[in-house]
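Data block below; observations after.
Lettering of chains follows the sequences in order, A, B, ..., and the numbering in each one begins at 1.
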Amino acid sequence: MNNPTLEFKSSKPRDESFLARAVRRFRKHRLAQFGLVMLMVLGLAAIFAPIISSYTFDGQDSALLGQPTAPNFKHLLGTDQLGRDNFTRILHGARVSLLVGLSSALIATFLGTLIGALAGFYGAWVDSVLMRFTDVVLSIPILPLVIALSGFLRPSLPLLVLIIGGLGWMGTARLVRSQFLSLRNTDYVEASKALGGSNSRIMFRHILPNAIGPIVVSTTLAVGGAIILESALSFFGLGVQPPTPTWGNLLTGSSDFLETAPWLAAFPGLFILITVLSVNFLGDGLRDALDPRL
Amino acid sequence: MNFSYLTRRALVTIPLLLGVSLILFFVLHLAPGGPTDVYADNPSVSPAALENLKRELGLDQPLPLQYVRWLAAFARGEWGFSIRSGQPVLETALERVVPTLFLGGTSFVLALLLAIPLGIFSALKRYSATDYVFTFVSFLGISMPIFWLALMLQALFAVNLRWLPSAGLETIGDGGFLDRLRHLILPASILAVANIASWGRFVRSSMLDVLGLDYIRTARAKGLSERLVTYRHGFRNALIPVVTIIALDFAGILSGAVITETIFAWPGMGRLFIEAMNGRDYPVLMALLMIGSVALVFTNLLTDLVYSLIDPRIRYE
């Protein structure tokens, strides 16, 4: 490791497109591919949950009422104390968790991109106002505020997404701003200006596509954060309410059976962990694949 | 270090905290519901009595006026009284800060002691099996839903093995050093997990950046021992960006303990926050959120200062 090796970049074909290069780099990142496959499997399982499982998430087997049953061939991950099939409930939970994670991250990205783009492109007082506002929001302890808001508003699913996404845009805003600052004086922006391109055209057609790499990466990583946040809120009874199952509120119910039926609490958490892990691997792989400096 | 920079940097925190307090105050007070809601369905409390209560708490005033009054009092150190318990907020908050600092401090030190050696080791053994294992495990740590980990470890160590207590600060009637230590192990370790993982990765990459630099080659070329190169020339320089990340996370420990404290029934600020939430205890909620915010702002400030102290290349104008 101590002997430096010389690397010649010329071995790469120069006319390779951005996408082809990204795909080639991405394929070197084994863990990221693992993550992508896992997420696709989970996503499909969530979409086709009613087809995959012959049970419904709230269907009760009256013969199994009272105590949780252990995993068996009829009920792959056992049943809860109300005789509901745990595997089915986790599959349906995946729908909510993935949906909330994805849409919160998209909202955060949308807000962050908008604020960062405006600040970075217009500069001057627009930049000052927006960035001071970002500084202020960054100085708020976000987790307690999210918990308090969820507790006060008892949010519906869309509102929950708005709360999580609406308090997670600051990193993206700073990122997009710095990208815009460094790109707004480039020649192609000047050229577009000279040709009479409108400000919004320059911002979103010319500058934004060049900043897309870091934005994609931060969105991906935000999905993981949002999934953990949603499940934590639901675990404390502040997020998605039963009977709608989510990975978080499945854990709430099962924590009473830690002694007698620990698998009930183990599986939903394991799904959260695997999903967030896959998202983080994917994000890491995308960072490698989309970094223009490499 | 430039003194005028320091003053300017310190003065900026004032409008910042004003902005924070404005947002927090309005968000909390505009959310539907209020502290008097608990009596709303109580037949023995007449509507007139309810109005009286509201007037007493100042909740009948226009919100901007309430904010200005709150701000003026808060700045003078008069944090008011808890609506729920009637206790002075400042006293209650101070009482609860101690267990939180105890828990957060322990987990901070624990994370530091593990993350730095792990990161260095992983960087020195780059691309080895150990490095891959470390990278994988740190990804696990970063992706871990800590409330679930807490649940699982409680199930294992408290319920099944019965080695450790499952919750609380101490056993009632005991409270000795060993007893407190046993209560501390689970929550402190769980609070440390994410930090160990992310700091460890950061130390690793910072170390790798530095080890690739020219002055490290120079140090080797002039015949210094590998040990000296690694620690004197490598680690000390790699530490500079690490300090920023770690310092910023310290404030996060204060507010991030909400979840851990709730699960382990730890009587700190986090749990006080949850308790205050249920009764819409505005004075307590505002005080706790402001403490969290002040901690964030000041660690930020402190990090800037420390940064310029440990890295002579950085000069603020």
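- Between chain B and the options A/Leu238, A/Ile142, A/Ile274, A/Leu270, the largest number of non-hydrogen pairs under 4.5 Å is found for A/Leu270.
- By the neighbour-count criterion of 12 heavy atoms within 6.0 Å, atom CZ of B/Phe121 is sparsely surrounded, having that number or fewer from other residues, nucleotides or ligands.
- Take B/Arg201 and apply the salt bridge (charged side-chain N to carboxylate O under 4.0 Å, His left out) test, not counting sequence neighbours, and it matches A/Asp284.
- For B/Leu28, the parts lying under 4.5 angstrom from a heavy atom of chain A are both the backbone and the side chain.
- Contacts of B/Val297 with chain A are made by side-chain atoms alone, with heavy-atom separations under 4.5 Å and no backbone atom involved.
- Contact count versus chain B (heavy atoms, under 4.5 Å) is highest, among A/Gly151, A/Ser139, A/Ser231, for A/Ser139.
- With a threshold of 4.5 angstrom between heavy atoms, A/Leu138 approaches chain B through N, CA, C or O but not through any side-chain atom.
- With a 4.5 Å cut-off on non-hydrogen atoms, A/Phe152 touches chain B through its backbone and its side chain both.
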For a ring pair (Phe, Tyr, Trp, His ring centres under 6.0 Å) check, start with the C-alpha distance between B/His233 and B/Tyr215, then their side-chain angles and the critical distance, and finish with the verdict. CA-CA 8 Å; B/His233 295 262; B/Tyr215 60 77; 7.1 Å; no
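- Highest contact tally toward chain B, considering only A/Leu273, A/Ile228, A/Leu31, is held by A/Leu273 [criterion: heavy-atom pairs under 4.5 Å].
- With respect to the salt-bridge test (charged N to carboxylate O, under 4.0 angstrom), the residues B/Glu261 and B/Arg96 do not qualify.
- Within the 4.5 Å cutoff, the side chain of B/Leu24 has heavy atoms near those of the B/Met286 side chain.
- The shortest distance between side-chain heavy atoms of B/Leu289 and A/Ile140 does not fall below 4.5 Å.
- Scanning residues 129-139 of chain B against chain A with a 4.5 Å heavy-atom cutoff picks out B/Phe136, B/Phe139, ordered by number.
- If you measure heavy-atom distances from B/Leu140 to chain A, the contacts under 4.5 Å come from both the backbone and the side chain.
- Looking at B/Ile142, the atoms closer than 4.5 Å to chain A (heavy atoms on both sides) sit in the backbone and in the side chain alike.
- Interface residue B/Met277: backbone and side-chain heavy atoms are both found under 4.5 Å from chain A.
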Residues A/Phe236, B/Ile259; criterion side-chain contact (heavy atoms from CB on, under 4.5 Å); working and verdict: CA-CA 9 Å; A/Phe236 286 116; B/Ile259 290 176; 3.8 Å; yes
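- For the options A/Ala266, A/Gly224, A/Gly248, heavy-atom pairs under 4.5 Å to chain B are most numerous at A/Ala266.
- Scanning all heavy atoms of the two residues, the minimum distance from A/Asn280 to B/Ser143 falls at ND2-OG, 2.9 Å.
- With a threshold of 4.5 angstrom between heavy atoms, A/Leu229 does not approach chain B through any atom at all.
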